[in-house]
2 protein chains.
Amino acid sequence: MSDATRDRLLATAKTHFAERGFYGASIAQIATELGLTKQALLYHFKRKEDLYAEILQAISERLIALVHDTASPGDPPERRFEDMILGLFIASREYPLDSRIITRELLDNQIRAKTAKSWYLEPFLEELVAALQAVPGLEKLPASRAFCIVYQLLGSIEYFAISGTTLESIYGASRHERFRADFPIELRHQIRRYIDEARSGFAGADY
Amino acid sequence: MSDATRDRLLATAKTHFAERGFYGASIAQIATELGLTKQALLYHFKRKEDLYAEILQAISERLIALVHDTASPGDPPERRFEDMILGLFIASREYPLDSRIITRELLDNQIRAKTAKSWYLEPFLEELVAALQAVPGLEKLPASRAFCIVYQLLGSIEYFAISGTTLESIYGASRHERFRADFPIELRHQIRRYIDEARSGFAGADY
DNA sequence: TAGCATACTTACCGTTCGGTAAGTGTCAAA
DNA sequence: TTTGACACTTACCGAACGGTAAGTATGCTA
């Protein structure tokens, strides 16, 4: 199988898994959309589970690469952290299907954990927590507090990303577009405020 | 059907829908867990869809009641808003299944929208946006900015709520417990930062 | 005691699911 | 010219799905 066709199969499969979930998606439907039979798909990926695992794997790698690459090494830590978070937001717009799959995986984890190999959110989260703790004034921020901040920002981004269709149906396309424009502004304010507090010592005294 | 048995059926069904999603859950399995046959369930709720709709309906009503009731009418608006958001967090711990179902519904909306009636997130969101805009100094905060703040807080809460099993498997029960303790502390800080920032920055040319 | 609603059960329907087995056509290398 | 890997297809399989139809035990009401 050439890389091109492989990418094509994975891309189509991804849309199905993202929209319907692992159990809701069927390999027969994916194959039909690709102009193939179900068995042709099973020839390339022995089991449905394997096909899905490859998609998850690619997403994990992209996430880790993202937090690794978006921030410039020369920038001050607070700028680096901000770039990482805003990079996540931009990526969530660029790869909306990935956000859906990640969230579905969080939800299905309990059931699927038996059969599927657990996946690789940890290094990604660790990187973000470390980036926050690298900010001057936050060196001694407890790991659990740093984690909460990171996860709150991440949750804001991902939850908004998966809400696209619902918000559009409630508020209409144009107002949803304004939300999407304003969202990173509020996100940036939140990050900067946090770092300012840390600098001025408020946060430190509070802990 | 008595209210008690009705509640019992809905409660068991809810766990299945929350853990496996609408398509992943099967009425036969739900019935078996209840000690009934599939047809007994279908006797009380004509279709699987109807059973699910009742669960969604109850969740919607609880959410709206929550934002209505948690904040004390006499308190200042900023306190009321803070109480609402923290009330949501507490509720997300008390009813973790509801968070799962809400998030699943956001994800499945695109597919299910054809068959299912759309549901009632809007009044709940409107109430929160109005509560934020009632804060002194934020009366003229644009609705779309207020919405972003509300949705970021909501996303933080719900995303954390559905991540329980995953976080526990990554970090272990004890560290997860610390996250759960620290989370509302950071959440409260986050709320106050949003309000402070909106107040001080709103007049600025930044917007 | 007859009638009737309630709360089920058993039996069955057609469809779809993931997955296996075996066959077919193509095409490049030996 | 044969071999054999590759990329499929057709033909199945058993299991599970949601849903319908028809029958049955129970218990209240007229």
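Just so it is clear: chains get the letters A, B, ... in the order the sequence lines come, proteins before strands, and each one is counted from 1. Heavy atoms only: backbone and side chains are in, while hydrogens, waters and symmetry mates are out.
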Novice: Could you tell me if the side chain of A/L88 sits less than 4.5 Å from the side chain of A/L63, heavy atoms only?
Specialist: yes

Novice: Test the B/R62-B/Y95 pair against the cation-pi criterion, namely NZ or CZ under 6.0 angstrom from the six-membered ring centroid and within 45° of the ring axis.
Specialist: yes

Novice: Using a 4.0 Å heavy-atom cut-off across all strands, classify A/A31 as base, sugar-phosphate, or nothing.
Specialist: nothing

Novice: Does some side-chain heavy atom of A/L154 sit less than 4.5 Å from a side-chain heavy atom of A/F124?
Specialist: yes

Novice: Ring centres under 6.0 Å, that's the criterion: do A/F147 and B/Y171 meet it?
Specialist: yes

Novice: Rounded to whole Å, how long is the line connecting atom NE2 of B/H16 with atom C1' of D/dG18?
Specialist: 16 Å

Novice: Measure from CE on B/M1 to P on C/dT6 and round the result to the nearest Å.
Specialist: 11 Å

Novice: Check the orientation of B/F160 and A/Y151. Use parallel for under 30°, tilted for 30 to 60°, and perpendicular for over 60°.
Specialist: perpendicular

Novice: Tell me the interatomic distance from B/Y23, atom OH, to C/dT16, atom C1', rounded to whole angstroms.
Specialist: 14 Å

Novice: Looking at B/F22, I'd like to know if the NZ or CZ of B/R112 sits under 6.0 Å from its six-membered ring centre while staying within 45 degrees of the ring's axis.
Specialist: yes

Novice: Could you give the CZ-to-P distance, from A/R6 to D/dA7, as a whole number of Å?
Specialist: 12 Å

Novice: What is the separation between atom CZ on B/F17 and atom C1' on D/dC17, rounded to the nearest whole Å?
Specialist: 13 Å

Novice: In whole angstrom, what separates A/Q29's CD from C/dT15's P?
Specialist: 16 Å

Novice: Please list, in numerical order, the residues of residues 34-46 of chain B that have a heavy atom closer than 4.0 Å to any atom of DNA chain C.
Specialist: B/L36, B/T37, B/Q39, B/A40, B/Y43, B/H44

Novice: Nearest whole Å is fine: how far is D/dG18 P from B/R20 CZ?
Specialist: 12 Å

Novice: C/dT16, OP1 or OP2 - any side-chain N/O from A/S26 closer than 4.0 Å?
Specialist: no

Novice: Rounded to whole angstrom units, what separation is found between the NZ atom of B/K48 and the P atom of D/dG18?
Specialist: 4 Å

